[in-house]
> 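Before we start, here is the structure in question, set down as structure tokens.
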Amino acid sequence: MRVLFAPGVVREVVAAEVVPMDIGDGKIIGTQVNFTLAPSGDKLEYIYSQSVPIEESGQRAIDFVNGLYEKGFADFTAEPTEVL
């Protein structure tokens, strides 16, 4: 699968997962999207901006990952995220 991370930056990924950003004691502060790059297996981790409500960021992340798996490519540049 291919993901556009920034203008001119396309990376091949073998996996993408959506996880809650847990700071301990079950306190969820955000939504995280983790990518596993091909062929190295390196990880790229992004968290949605705090300006996006958790419910919305969770749904956006799920929709993004579902679209990526369905189409085999996706544009991540419009997602309001920050790299961890």
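Numbering starts at 1 and runs along the sequence shown. All figures in this text were calculated on a predicted structure; none of them were measured in a lab.
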> Can you get from Val10 to Val83 by hopping between Ile, Leu, Val, Met, Phe, Trp and Tyr side chains that sit under 4.5 Å apart?
no
> Checking the side chain of Asp75 only, and the main-chain atoms of Thr77 only, is there a donor and an acceptor separated by less than 3.5 Å?
yes
> In sequence, state the C-alpha distance, the side-chain angles, and the governing distance for Asp63 and Gln59, and then conclude on side-chain hydrogen bond (donor to acceptor under 3.5 Å, both in side chains).
CA-CA 6 Å; Asp63 292 345; Gln59 190 60 56; 2.8 Å; yes
> Taking the side chain as every heavy atom from C-beta outward, state whether Ile54 and Tyr48 have any atom pair closer than 4.5 Å.
no
> Can you check whether Val13 reaches Leu44 side chain to side chain, under 4.5 Å on heavy atoms?
no
> Kindly give the heavy-atom pair with the smallest separation between Gly41 and Thr36, and that separation in Å.
O-CG2, 3.8 Å
> If you measure from CG on Leu84 to NZ on Lys43, what distance do you get to the nearest 0.5 Å?
13.5 Å
> Output every pair passing salt bridge (charged side-chain N to carboxylate O under 4.0 Å, His left out) with a member in residues 8-19, not counting sequence neighbours, ordered by first then second residue.
Arg2-Glu12
> Distance from Ile29 atom CD1 to Gln50 atom CD, nearest 0.5 Å?
6.5 Å
> Ignoring hydrogens and angles, tell me if any N or O in the side chain of Tyr69 forms a donor-acceptor pair with the backbone of Ala16 under 3.5 Å.
yes
> Quickly, which of Val18, Ile47, Val52 forms a side chain to side chain contact (heavy atoms under 4.5 Å, CB included) with Ser57? Name it, please.
Val52
> Fit a plane to each ring of Phe5 and Tyr46, take the angle between them on a 0 to 90° scale, and name the class: parallel (under 30°), tilted (30 to 60°) or perpendicular (over 60°).
parallel
> Under 4.5 Å between side-chain heavy atoms, hopping through other hydrophobics if needed: is there a path connecting Val33 to Ile62?
yes
> In this structure, would Met1 and Leu37 fall into the same cluster of hydrophobic residues linked by side-chain contacts under 4.5 Å?
yes
> Do Val65 and Phe76 belong to the same hydrophobic cluster, where Ile, Leu, Val, Met, Phe, Trp and Tyr are linked whenever their side-chain heavy atoms lie under 4.5 Å apart, directly or via other members?
yes
> Is there a path of hydrophobic side-chain contacts, each under 4.5 Å between heavy atoms of I/L/V/M/F/W/Y residues, joining Phe73 to Val9?
no
